[in-house]
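Read the numbers this way: they start at 1 and go in the same order the structure lists the ligands and their atoms.
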Amino acid sequence: MISSNTYDVLVVGGGLAGASTAYALAQRSLKVLLCESEPRLASKASGNAWALLMPYVATQSSPPGRLYAKGFNFTHNLLTSTFEGLVSYHEVGAIQLPATKRLSRILTETVPFVGNSPIRRVSAQEGSDRAGVTLLTASFFIPQAGYCKPARIAEHLATSFPSHISISLGRSIEDLRWIDSKWSALFNDGSANSFTNVVLCGAHDIQKLPLTSWVPLEAIRGQTTQTVMTPSSSGLRTVISYDGYITPQQEGLHFIGAHYRHDDFDTEPKDLDTQEILARLYRTLPDISDLKVASSRVCFRASTHDRMPYIGALPNNDGPNLFINAGHGSRGLLTAPLGGEIIARLIGGQPLDNLSEAAGICSSGRLSTRMTRLIPPS
Ligand SMILES: Cc1cc2nc3c(=O)[nH]c(=O)nc-3n(C[C@H](O)[C@H](O)[C@H](O)COP(=O)(O)OP(=O)(O)OC[C@H]3O[C@@H](n4cnc5c(N)ncnc54)[C@H](O)[C@@H]3O)c2cc1C
């Protein structure tokens, strides 16, 4: 039984965003109930076997570039300093191939920008030497990039302050109502409890709550594949990002992603999609062929109308202290932990300081104009 007086904050959703938010709140001695509808934390988008921590290659002038650089540094510091040795971050470096027109232009014309992290243009030969497989073109080399297990990070974040974070698994929030100056949360087992602050970290499932069904979040299907290492792939030493990505082997398996599909809600992996993922890889890395698929997995990214996450106070007609940390798309490792820190500063009444620009770019205030259009006045 949960007492309404026990918690300062209800965090809805136990993926990377929810676990990061709970962690940042607990760092400020706030008591948190972290509620996850699945039996395990991080079992949806945050449950892939591996995820890349990979900065976004941009030009210095771009707001997304500065946001993602801040997010990369924040998460990199978390993994290599705060959680050093506790979560396995394989900082093997990444080769970013110029797979889009935008990247080709930056490769040839402008100064690449990934914030404070080093980045270098490398020739096809130097890239091949670093990667351990033949590359056909020049590329960027980013030494601080790498890959990690997102679920392990979420679990570590959520369990770091057991005296301040209570985890409720297998229970979902079905409804939120502003009653007697508090948010009353209705659980799927029929119980209800009230909270002063609520943070919605449920990705696109936020739309299932009647109060927030209007929030524009799109579920985009992604399929990933693990393949058994072969002699042709065993030399791979860095992550390679192209119009897909591959990691070096861990325990004899490579992780290869990721399919990106709108309007497809099939939760089962499809052979055709696996073939497409592998075809892209074979086209890019001619040394590698005939990989044997060990397993495939489907999950869904929550994407927003402008691709930036929603982080901050959520405009609504009912009550204050409702927050959102969601819509992290394909770059959750860059933005979800940063989002947790921003939310915790807002709830804790602290200045945003060095995170002001990032908070502005992700501000959920940009939803307010949409809200007035989508919700009829009561
Ligand atoms: C195929 C694929 C590959 C990706 N690869 C990378 C990568 O390499 N690098 C990277 O940075 N990012 C990557 N991403 C993106 C990253 O995985 C996501 O951005 C991140 O996991 C989102 O975290 P989240 O907590 O917002 O969402 P989720 O992990 O989906 O968590 C939301 C949680 O909320 C719970 N929930 C929802 N509603 C309720 C409710 N009412 N009550 C209780 N619980 C609720 C859900 O059960 C779920 O567990 C990838 C995404 C996909 C799909």
Colleague: Determine which pairs satisfy side chain to side chain donor-acceptor pair (under 3.5 Å) with at least one residue from residues 153-165, sequence neighbours left out, and list them in order.
Modeller: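 Non-adjacent pairs meeting side chain to side chain donor-acceptor pair (under 3.5 Å): zero.
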Colleague: Would you compute the distance between atom OG1 of Thr238 and atom CZ of Arg130 and round it to the nearest 0.5 angstrom?
Modeller: 9.5 Å
Colleague: Sequence neighbours left out, cut at 3.5 Å: what donor-acceptor pairs do the side chains of residues 342-355 make with other protein atoms?
Modeller:
from: Arg345; atom 1: NE; to: Glu341; atom 2: OE2; distance (Å): 2.9
from: Arg345; atom 1: NH1; to: Leu352; atom 2: O; distance (Å): 2.8
from: Arg345; atom 1: NH1; to: Asn354; atom 2: OD1; distance (Å): 3.0
from: Arg345; atom 1: NH2; to: Glu341; atom 2: OE2; distance (Å): 3.3
from: Gln350; atom 1: OE1; to: Arg28; atom 2: NE; distance (Å): 2.3
from: Gln350; atom 1: OE1; to: Arg28; atom 2: NH2; distance (Å): 3.3

Colleague: Distances under 3.5 Å, N/O of ligand 1 against N/O of the protein: list each pair and its distance.
Modeller:
from: ligand 1; atom 1: 5 (N); to: Tyr245; atom 2: OH; distance (Å): 3.4
from: ligand 1; atom 1: 8 (O); to: Leu52; atom 2: N; distance (Å): 2.8
from: ligand 1; atom 1: 9 (N); to: Leu52; atom 2: O; distance (Å): 2.9
from: ligand 1; atom 1: 11 (O); to: Gly332; atom 2: N; distance (Å): 3.4
from: ligand 1; atom 1: 11 (O); to: Leu333; atom 2: N; distance (Å): 2.9
from: ligand 1; atom 1: 12 (N); to: Ser330; atom 2: O; distance (Å): 3.0
from: ligand 1; atom 1: 12 (N); to: Gly332; atom 2: N; distance (Å): 3.3
from: ligand 1; atom 1: 17 (O); to: Ala45; atom 2: O; distance (Å): 3.2
from: ligand 1; atom 1: 19 (O); to: Gly329; atom 2: O; distance (Å): 2.9
from: ligand 1; atom 1: 19 (O); to: Gly332; atom 2: N; distance (Å): 3.2
from: ligand 1; atom 1: 21 (O); to: Ser46; atom 2: N; distance (Å): 3.3
from: ligand 1; atom 1: 21 (O); to: Ser46; atom 2: OG; distance (Å): 2.8
from: ligand 1; atom 1: 23 (O); to: Ser46; atom 2: OG; distance (Å): 3.2
from: ligand 1; atom 1: 25 (O); to: Leu16; atom 2: N; distance (Å): 3.1
from: ligand 1; atom 1: 25 (O); to: Ala17; atom 2: N; distance (Å): 2.9
from: ligand 1; atom 1: 29 (O); to: Ser46; atom 2: N; distance (Å): 2.9
from: ligand 1; atom 1: 29 (O); to: Ser46; atom 2: OG; distance (Å): 2.5
from: ligand 1; atom 1: 30 (O); to: Ala45; atom 2: N; distance (Å): 3.4
from: ligand 1; atom 1: 41 (N); to: Ile173; atom 2: O; distance (Å): 2.9
from: ligand 1; atom 1: 42 (N); to: Ile173; atom 2: N; distance (Å): 3.0
from: ligand 1; atom 1: 44 (N); to: Ser37; atom 2: N; distance (Å): 3.1
from: ligand 1; atom 1: 47 (O); to: Glu36; atom 2: OE2; distance (Å): 2.6
from: ligand 1; atom 1: 47 (O); to: Ser37; atom 2: OG; distance (Å): 3.3
from: ligand 1; atom 1: 49 (O); to: Glu36; atom 2: OE1; distance (Å): 2.6
from: ligand 1; atom 1: 49 (O); to: Glu36; atom 2: OE2; distance (Å): 3.1

Colleague: Before giving the answer on salt bridge (Lys or Arg N to Asp or Glu O under 4.0 Å), spell out for Arg221 and Asp263 the whole-Å C-alpha distance, their side-chain angles and the decisive distance to 0.1 Å.
Modeller: CA-CA 8 Å; Arg221 184 176 181 277; Asp263 298 323; over 6 Å; no
Colleague: Which residue, Val32, Thr6, Val9, Leu10, forms the side-chain contact (heavy atoms from CB on, under 4.5 Å) with Phe195?
Modeller: Leu10
Colleague: Leu253: what forms a side chain to side chain contact (heavy atoms under 4.5 Å, CB included) with it, not counting sequence neighbours?
Modeller: Gln226, Val228, Ala294
